[in-house]
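The structure appears below as structure tokens.
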Amino acid sequence: MLSAHLDTVFPAGTDCTPREDEAKILGPGACDNGAGLAALLGLATALRHAEILPGCTIVFTANVGEEGEGICVACGICSRRHRMRAG
């Protein structure tokens with residue numbers, strides 16, 4: 001399982017409209033784990049493009065609540081769900 005978190009926390013009422021500044025797209029939480037999410041998607045894309053078939057199943061997840069024990073709970077839920085589907 002490869003995981004990156006996609007949640008972020010900012011005050012209620014914050015303007016969430018993305019805005020461009022030259023080559024950057026800015027908005028609340030954009031740098032929170034943007035690189036991790038980009039790497040996760042980039043790896044999935046690279047594997048598909050190179051037609052690489054891994055020797056095992058790779059589960060790509062984007063989770064929330066990663067602080068503290070939250071990541072353990074989220075990954076545990078994903079692991080159990082994947083095993084049930086894989087049979």
- Partners meeting side-chain hydrogen bond (donor to acceptor under 3.5 Å, both in side chains) with Asp21 (sequence neighbours left out):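 Asp21: no side-chain hydrogen bond (donor to acceptor under 3.5 Å, both in side chains) contacts found.
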- NE2-CG distance between His5 and Leu37, expressed to the nearest 0.5 angstrom: 7.5 Å
- Query: Do Ile25 and Leu40 belong to the same hydrophobic cluster, where Ile, Leu, Val, Met, Phe, Trp and Tyr are linked whenever their side-chain heavy atoms lie under 4.5 Å apart, directly or via other members?
  - Reply: no
Show me the donor-acceptor pairs, under 3.5 Å and distance only, between side chains in residues 43-50 and residues at least two apart or in other chains.
unit_1 : atom_1 : unit_2 : atom_2 : d
Thr45  : OG1    : Leu41  : O      : 2.9

